[in-house]
Amino acid sequence: MRVDVIGGGPAGLYFAILIKKSHPDADVAVVERNGTDDTFGFGIVLSDETLANLRRADEPSYRHIAANFAYWDDIYTRYKGRVMKSSGHGFSGIRRLTLLQILQRRAAELGVAVHYATEDPGVATHLEADLIVGADGINSRVREALAKHLQPTAELRTNRFVWLGSRTTLPGFTYSFRENEHGIWNLHAYMYAHGECTLVVETTDEAFQAAGLRVEDEPATAAYVERLFEAELNGAAVLTNRSLWRQFPVIRCATWHHENVVLLGDAAHTAHWSIGSGTKLALEDAIALHQAVVRHPHDPRAALPHYETERRPEAERIQHSANTSLVFFENVRRFWHMAPIQFNFALMSRAKQVTYENLRRRDATMIAALDRWWAHRVAEDEGIRLPGDFAAPPPMFAPFRLRDMTVMNRVVVSPMCQYCAEDGTPTDWHFVHYGSRAVGGAGLLFTEMTCVARDARISPGCTGLYKSEHLAAWQRIVQFVHAHTDCRIALQLGHAGRKGSTQLGWEEMDRPLAQGNWPILGPSPLAYYPGVSQVPREMTRADIDRVRAEYVSAATMGVACGFDMLELHMAHGYLLASFLSPITNLRDDEYGGSLENRLRFPLEVFDVCRRIWPEERPMSVRISATDWIPGGNTGDDAVAIARAFKARGCDLIDVSTGQTSPASRPVYGRMYQSTFAEQIRNESGIAVMAVGAITTADQVNTLVASGRADLCALARPHLADPYFTLHAAAEYQALGYPIEGAAWPKQYRSGRDQLYLLARRARAEAEQKAGQVRPPKPDVVAEQEVA
Ligand SMILES: Cc1cc2nc3c(=O)[nH]c(=O)nc-3n(C[C@H](O)[C@H](O)[C@H](O)COP(=O)(O)OP(=O)(O)OC[C@H]3O[C@@H](n4cnc5c(N)ncnc54)[C@H](O)[C@@H]3O)c2cc1C
Ligand SMILES: Cc1cc2nc3c(=O)[nH]c(=O)nc-3n(C[C@H](O)[C@H](O)[C@H](O)COP(=O)(O)O)c2cc1C
């Protein structure tokens with residue numbers, strides 16, 4: 001077998017080592033343009049998990065790598081004059097050159113032919129090889145040569161960063177954030193050997209330009225960074241090594257292989273350096289490709305689709321985390337108003353991998369301090385004096401107030417259509433469904449989208465508030481919630497617009513009824529599914545006036561029902577959402593065109609409802625903060641929309657996304673919409689509710705305490721477990737927390753006592769077991785070798 005590897009970085013060298021080791025007779029060659037002691041950058045970090053993978057793949061190189069590591073446990077964050085320490089993180093750093101030299105030596109030992117200082121003449125010159133590995137990094141020529149097949153995309157991020165070094169000693173991984181007349185600058189610094197540090201300095205393009213820095217002027221860069229971070233570096237000089245100010249390209253490929261050519265590492269995908277995963281990805285790609293080739297010993301080409309299928313989900317998961325992390329650093333200004341302890345928690349939890357629970361296990365002192373700070377802040381907002389020996393609950397169990405409505409905790413049952421009303425009238429199903437969710441401990445319960453008119457319904461099964469029977473049925477539900485629980489209940493009012501007259505949720509959703517369709521309305525005559533859905537009538541002046549009046553009538557009934565709060569549904573492509581979005585609103589009158597015009601009708605509806613909705617009761621608006629469609633609304637538009645509603649007396653934005661049209665392409669993931677909640681909350685100053693794939697109490701604590709959301713709505717988790725909040729309360733009391741923000745009905749107290757007892761026992765047993773099986777410390781040689 002002949003294997004040609006283009007690029008002798010971590011990916012290329014490691015793959016060459018593994019394949020030569022398993023196939024000693026194979027002809028394995030690497031072409032590398034640099035010499036053996038020549039590379040960019042300074043040090044890199046690897047996690048314990050990656051080290052374990054390296055150990056399994058090749059013990060000899062692992063031992064050398066481990067022997068050259070600098071280990072540290074603590075992270076120091078410097079922010080607005082405060083230095084905060086958090087412990088238990090477990091990183092290891094190594095000089096990039098040392099890592100490469102270890103791999104170079106191992107490759108030589110195994111008989112890999114590495115051609116240093118050799119520019120690869122192009123992928124077409126390797127046609128005789130059985131396998132061609134493109135491991136030629138971020139600017140891969142192999143990828144470009146095969147662009148037609150691999151379909152790469154490169155998304156250039158906005159921040160500027162530079163990779164530097166320094167000879168100084170740091171107490172641990174160091175983040176520092178400094179503001180000067182040019183902007184905010186972030187320093188990420190860590191030691192990779194005794195007295196040697198990597199520094200990455202990052203800022204916005206505006207700050208970079210304002211500072212008068214130039215991409216390639218290394219002496220000026222070093223001088224600027226030395227002055228700015230003098231204290232962090234103990235006055236040490238800043239060193240450069242091809243230290244250019246770059247913008248990070250997020251590289252993706254539709255596929256990583258074509259015929260017998262495959263991409264590895266940065267050539268195939270990049271992960272922003274702020275989660276320290278580029279080298280990990282490169283090395284683990286090499287391991288995965290090697291395993292696939294071993295499974296196809298006679299046909300390496302056949303291994304490539306298997307390699308990609310197995311490796312892609314993990315690579316994309318890491319890339320997604322890295323993308324989430326980089327958004328924090330691009331938007332540090334968004335967090336700049338925060339108290340140091342909250343800023344630090346927001347920083348740590350930026351990629352949504354490190355969470356409240358996770359950090360509590362790493363550094364219980366830090367989380368205890370966060371809990372206390374949070375409880376005091378909430379008490380201050382609520383005008384409550386806390387005693388000195390006050391024990392703080394987890395953040396999710398702190399109350400929250402909007403006007404005169406106080407919710408006892410931060411968990412919300414998100415609006416969910418039940419599709420089983422009878423001509424808009426809630427039935428016994430609704431009574432039991434809402435009743436049991438209110439009993440389940442959430443602070444706030446939303447009704448499903450309740451329609452302002454019969455022709456405003458999404459489906460024949462939707463609830464309404466357009467007949468007196470509706471009022472009576474909703475009143476009964478509200479009265480139950482108020483009489484038997486501490487939960488507050490909000491009414492969500494909506495009009496389906498062009499998504500109306502469709503089938504029930506468990507039938508063909510968003511598709512028209514087989515028979516009995518009613519005429520539908522929209523800002524513009526655009527069918528949801530062209531050729532399938534009805535074409536809505538473009539709303540006339542009279543339609544606009546009528547629908548506005550229907551909202552007033554329904555909201556008036558809502559007041560009479562006794563709802564604590566009113567939400568207007570302006571998300572998911574329904575009528576008011578379709579006015580807000582430029583994708584669905586093509587009008588050329590005063591209700592279409594600019595955002596100001598697109599906001600006009602939704603704001604008019606809000607104003608008329610606010611006028612009749614009691615002053616002391618809050619109102620919220622649910623929006624799709626992005627359409628997930630090029631040319632549609634974005635997070636920045638959502639901030640402008642939130643500001644407009646805030647100015648009209650809106651108390652909270654319920655931040656959902658998408659469903660504007662079938663062209664929406666959401667990027668799913670844990671808590672995937674919370675980035676928009678974070679943006680709206682911190683840029684417009686209005687309270688927000690995050691929603692979407694929030695499934696655990698830990699995530700609620702993380703989002704709330706990091707200042708990304710005020711409330712967290714959970715929809716599907718509440719279908720599976722109406723007692724989500726009471727179950728979370730049981731878990732936290734077992735950890736010794738006081739839980740006041742979860743009210744058990746008196747009828748169920750003996751059930752509570754048993755559950756609490758069982759949770760405490762389970763906790764004690766888990767702790768005992770964890771103590772017994774604690775893994776030994778990594779067997780790392782304390783003395784550093786010289787590679
Ligand atoms: C500022 C910064 C900080 C980082 N910090 C970390 C970190 O802490 N942890 C971490 O894991 N990762 C980090 N990374 C990322 C990491 O450096 C890369 O992800 C990793 O090196 C990718 O390995 P690779 O082998 O795919 O590519 P590279 O390391 O880029 O190797 C590609 C090799 O191919 C060679 N080559 C390219 N074209 C040709 C050609 N035509 N002919 C011959 N040779 C060629 C190059 O000379 C190079 O040696 C950081 C990156 C940056 C920019
Ligand atoms: C069965 C079901 C019905 C829904 N009905 C509504 C609704 O009436 N109004 C609304 O704003 N969102 C509705 N949604 C969306 C949810 O409120 C929520 O935004 C979405 O499910 C994401 O949250 P989750 O990941 O916690 O499920 C519905 C979701 C589900 C699963």
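For ligands, and for the atoms within them, numbers begin at 1 and follow the listed sequence. One-based numbering along the sequence shown.
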Do Gln503 side-chain atoms and Glu508 backbone N/O form a donor-acceptor pair below 3.5 Å? yes
Please check: side-chain N/O of Arg437 versus main-chain N/O of His433, any donor-acceptor pairing under 3.5 Å? yes
Using 30° and 60° as the class boundaries, would you call the ring planes of His718 and Phe724 parallel, tilted or perpendicular? perpendicular
Look at the rings of Phe676 and Trp628 and say which category their plane angle falls in: under 30° parallel, 30 to 60° tilted, over 60° perpendicular. perpendicular
From CA spacing to verdict: side chain to side chain contact (heavy atoms under 4.5 Å, CB included), Val3, Phe15: CA-CA 10 Å; Val3 178; Phe15 179 73; 3.9 Å; yes
Need the ligand 2 atom indices (1-based, order shown) with element for anything under 4.0 Å from a heavy-atom of [X].
X: Gln492; answer: 7 (C), 8 (O), 9 (N), 10 (C), 11 (O)
X: Ser414; answer: 16 (C), 17 (O), 18 (C), 19 (O)
X: Ala693; answer: 24 (P), 25 (O)
X: Val691; answer: 18 (C), 19 (O), 23 (O)

Does at least one non-hydrogen atom of His718 fall below 4.0 angstrom from an atom of ligand 2? no
Nearest-contact summary for [atom] - protein heavy atom, Å:
atom: atom 1 (C) of ligand 2; result: Cys417 O, 4.1 Å
atom: atom 31 (C) of ligand 2; result: Arg716 CG, 3.6 Å
atom: atom 29 (C) of ligand 2; result: Met416 CG, 3.8 Å
atom: atom 8 (O) of ligand 2; result: Met449 N, 2.9 Å
atom: atom 12 (N) of ligand 2; result: Arg622 NH1, 3.0 Å
atom: atom 22 (C) of ligand 2; result: Gly692 CA, 3.8 Å
atom: atom 20 (C) of ligand 2; result: Ala715 CB, 4.0 Å

Side chain, backbone, both or neither: which applies to Pro717 and ligand 2 if a contact is any heavy-atom pair less than 4.0 Å apart? side chain
Specify side chain, backbone, both or neither for Leu714, according to which of its non-hydrogen atoms lie closer than 4.0 Å to ligand 2. backbone
Between His569 and ligand 2, does any nitrogen or oxygen pair lie at a separation below 3.5 Å? yes
Regarding ligand 2, does Pro415 bring an N or O atom to under 3.5 Å of one of the ligand's N or O atoms? yes
What distance separates Glu202 CD from Asn159 CG, expressed to the nearest 0.5 Å? 4.0 Å
CE on Met689 to CG on Leu711, rounded to 0.5 Å: 6.5 Å
Validation row: [X], [Y] side chains within 4.5 angstrom (heavy atoms):
X: Lys352; Y: Tyr672; result: no
X: Tyr14; Y: Ile287; result: yes
X: Ser92; Y: Asp48; result: yes

Any nitrogen or oxygen of [X], main chain or side chain, under 3.5 Å from a nitrogen or oxygen of ligand 1?
X: Ala282; value: no
X: Arg246; value: no
X: Tyr190; value: yes

State the atoms of ligand 1, each with its element, that fall below the 4.0 Å cut-off from a heavy-atom position in Gly265. 26 (O)
Between the side chains of Arg622 and Ser414, is a donor N or O closer than 3.5 angstrom to an acceptor N or O? yes
Do Glu119 and Arg141 sit within salt-bridge range, that is, some charged N less than 4.0 Å from a carboxylate O? yes
Any heavy atom of Ala135 under 4.0 Å from ligand 1? The part involved is backbone
Measure Thr118 to ligand 1 on non-hydrogen atoms and call it side chain, backbone, both or neither using the 4.0 Å cut-off. backbone
Test log, rule side-chain hydrogen bond (donor to acceptor under 3.5 Å, both in side chains), inputs Ser325 and Ser274: CA-CA 7 Å; Ser325 170; Ser274 59; 2.7 Å; yes
Stepwise ring-ring contact (aromatic ring centres under 6.0 Å, His included) test for Phe161 and Trp273: CA-CA 10 Å; Phe161 71 94; Trp273 45 269; 5.4 Å; yes
Hey, is Phe248 one of the residues with a heavy atom under 4.0 angstrom from ligand 1? no
